[in-house]
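Please read these numbers as outputs of a predicted model, since none were measured by experiment.
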Amino acid sequence: MTTAVPPLPGSTQPEEQRIDVLVVGAGPVGLFAAFQAGVLGLSCVLVDALDRPGGQCTELYPEKPIYDIPALVSCTAQELVDRLMAQCEPFNYPILCGRRAETIETLDGEHGQRFRVTTSGGDMFNCAAVLITAGNGAFAPQRVALPEAAALEGHHLHYAVRDTARFAGKRVMIAGGGDSALDWALALRKVAARVSLVHRREGFRAADATVAEMRAAVSAGQMDFVLGMLARLDSTPEGALTGVAVRGCEGEVVVPCDELIALYGLVSEPGPIANWGLEMRAGRIVVETTAYETSRPGVFAAGDIALYPNKQKLILSGFHEVAMALRRAYRYAYPDKTLVHTHSSNDTGLQTKLHVLAG
């Protein structure tokens, strides 16, 4: 599958793309939806607000073990994402990352209604159906709640690491206690002048092996650990960060640093989808359970964002939901055709696409 990032500011407006199904959300359920779309012969594009596929599995707990995926005794969250990416790769559907689905408009076409969906990246899609697999909604980083933070964001205060070279030779503080915080603290200690990890408590929400490696690095003098909470950000009149005050049980200490990376995780919100005219309850989209269609015909929801009686927030439930939704979506894309069910073991055309048979 191809992955893209938003166009540069000032780039020309792209032409409207005509596809069968737009999948909003590229977490595990969205990735399986892309595979199912390929199986059914539906053209498909995925969009996701995050900068890479995988959703919560990649951003929040990549090393978390998962035990309830059929036929897999266990795998990590990231391994599951990697397997799903490999499964749908033969169809080569684009995954447009760093985009939020913004608006939806109903179009009257010669063969029935369609939708025009725009994204924050300026994309326009003309599609027969929309499948929302946005998990708990659109994600945004949890920001530093200090009055000095806003002026430093994007310059010396970061919520992701996109270029390790930026931190070469710098004094870097990383705030957080999850896998991302510890992983980046360990990685950047090799390029930064000094790395300090700050967390409010001694316990961490990270893999045991990673915690052990971090403690060993601290004991060896390769990096520092500061126990406490961010209290103040100090900077020059020109806006350069000089230090961070950390408040702990024994008082306040100022740690000199040039760059602060806050990795507190993500917070979710429905985002623009809340304005799409869908029936929603407590941030989730109400669907019926024959095809997981929303109150707006042609728009479907699956995965954690979908709500119906006895809903189970399980990845395997989302897999079933997208399979059913896309079979109904096929009717919107090809109203004059009949979808004939074929077992994959008997579908030589599908096997060729999946490189099971030599094409």
Side-chain angles (χ1 to χ4, degrees), residues 3 5-6 8-9 49-52 54 58-63 78 97-98 139-200 204-207 209-248 253-267:
T3 304
V5 296
L8 295 173
L50 297 175
D51 62 357
R52 53 182 172 171
T58 295
E59 291 295 317
L60 298 183
Y61 41 81
E63 297 302 318
Q78 186 60 57
C97 295
F139 287 97
Q142 187 169 324
R143 286 177 154 73
V144 174
L146 293 174
E148 309 88 13
L152 292 165
E153 288 181 357
H155 304 288
H156 301 285
L157 170 55
H158 316 272
Y159 297 106
V161 177
R162 308 192 187 282
D163 181 11
T164 56
R166 177 189 179 93
F167 305 100
K170 302 288 187 65
R171 300 169 299 176
V172 179
M173 173 176 283
I174 298 179
D179 284 295
S180 294
L182 272 67
D183 286 343
W184 280 117
L186 291 167
L188 290 177
R189 81 187 194 277
K190 301 174 183 178
V191 299
R194 193 67 182 174
V195 169
S196 300
L197 175 68
V198 60
H199 186 45
R200 69 183 186 278
F204 296 90
R205 307 178 315 279
T210 305
V211 175
E213 185 179 357
M214 181 275 294
R215 295 195 188 281
V218 171
S219 297
Q222 299 171 358
M223 58 178 285
D224 300 314
F225 173 62
V226 184
L227 181 64
M229 300 179 64
L230 304 187
R232 189 183 67 255
L233 309 181
D234 296 335
S235 60
T236 66
E238 294 75 27
L241 183 65
T242 60
V244 176
V246 179
R247 184 179 300 116
V253 59
V254 176
V255 180
C257 70
D258 307 301
E259 307 286 342
L260 170 62
I261 306 169
L263 299 173
Y264 292 140
L266 305 172
V267 293

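Listed by chain and number, the residues in a side chain to side chain contact (heavy atoms under 4.5 Å, CB included) with A149 are V144, L157, L233 (sequence neighbours excluded). In this view, T236 and E238 satisfy the side-chain hydrogen bond (donor to acceptor under 3.5 Å, both in side chains) rule, not counting sequence neighbours. For E213, the salt bridge (charged side-chain N to carboxylate O under 4.0 Å, His left out) test picks out no residue, with sequence neighbours left out. Scanning for side-chain hydrogen bond (donor to acceptor under 3.5 Å, both in side chains) contacts around Y159 gives E153, with sequence neighbours left out. Partners of R189 under the salt bridge (charged side-chain N to carboxylate O under 4.0 Å, His left out) rule, at least two apart in sequence or in another chain, do not exist in this structure. Scored by the side chain to side chain contact (heavy atoms under 4.5 Å, CB included) test, V191 finds L188 as partners (sequence neighbours excluded). For D258, the salt bridge (charged side-chain N to carboxylate O under 4.0 Å, His left out) partners are R171, not counting sequence neighbours. Applying the side-chain hydrogen bond (donor to acceptor under 3.5 Å, both in side chains) rule to R200 yields no partners; only residues at least two apart in sequence or on another chain are considered. The ring pair (Phe, Tyr, Trp, His ring centres under 6.0 Å) check on H156 picks up nothing, with sequence neighbours excluded. For R247, the side chain to side chain contact (heavy atoms under 4.5 Å, CB included) partners are A231, E252, not counting sequence neighbours.
A 4.5 Å side-chain heavy-atom check between L197 and V218 finds every atom pair outside the cut-off. Contact annotation: the side chain of V254 approaches that of R232 to within less than 4.5 Å [non-hydrogen atoms, C-beta and beyond].
Screening residues 216-227 for salt bridge (charged side-chain N to carboxylate O under 4.0 Å, His left out), with sequence neighbours left out, gives R194-D224. Evaluation of the ring pair (Phe, Tyr, Trp, His ring centres under 6.0 Å) test over residues 174-197, restricted to residues two or more places apart or in two chains, returns none.
One finds the SG atom of C97 at 10.0 Å from the CZ atom of R52 (value rounded to the nearest 0.5 Å). Atom CZ in F204 sits 11.0 Å away from atom OG1 in T210 (nearest 0.5 Å). Atom CG in L241 sits 7.0 Å away from atom CD in E259 (nearest 0.5 Å).
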CA sep, side-chain torsions, deciding dist, call: V161, I261, side chain to side chain contact (heavy atoms under 4.5 Å, CB included): CA-CA 8 Å; V161 177; I261 306 169; 3.8 Å; yes

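Minimum interatomic distance between A217 and L186 (heavy atoms only, all atoms of both residues): CB-CD2, 4.1 Å. Minimum interatomic distance between L182 and A206 (heavy atoms only, all atoms of both residues): CD2-CB, 4.0 Å. Closest approach of Y264 to A175, counting heavy atoms only: OH-CB, 3.5 Å. Nearest heavy atom pair, residue A193 against residue G169, reads CB-O, 3.4 Å.
With L260 as the partner, the side chain to side chain contact (heavy atoms under 4.5 Å, CB included) test is satisfied by one option alone out of L152, V172, I174, L230: L230.
Counting only distance, with no hydrogens or angles, the side chain of D179 and the backbone of A207 share a donor-acceptor pair below 3.5 Å.
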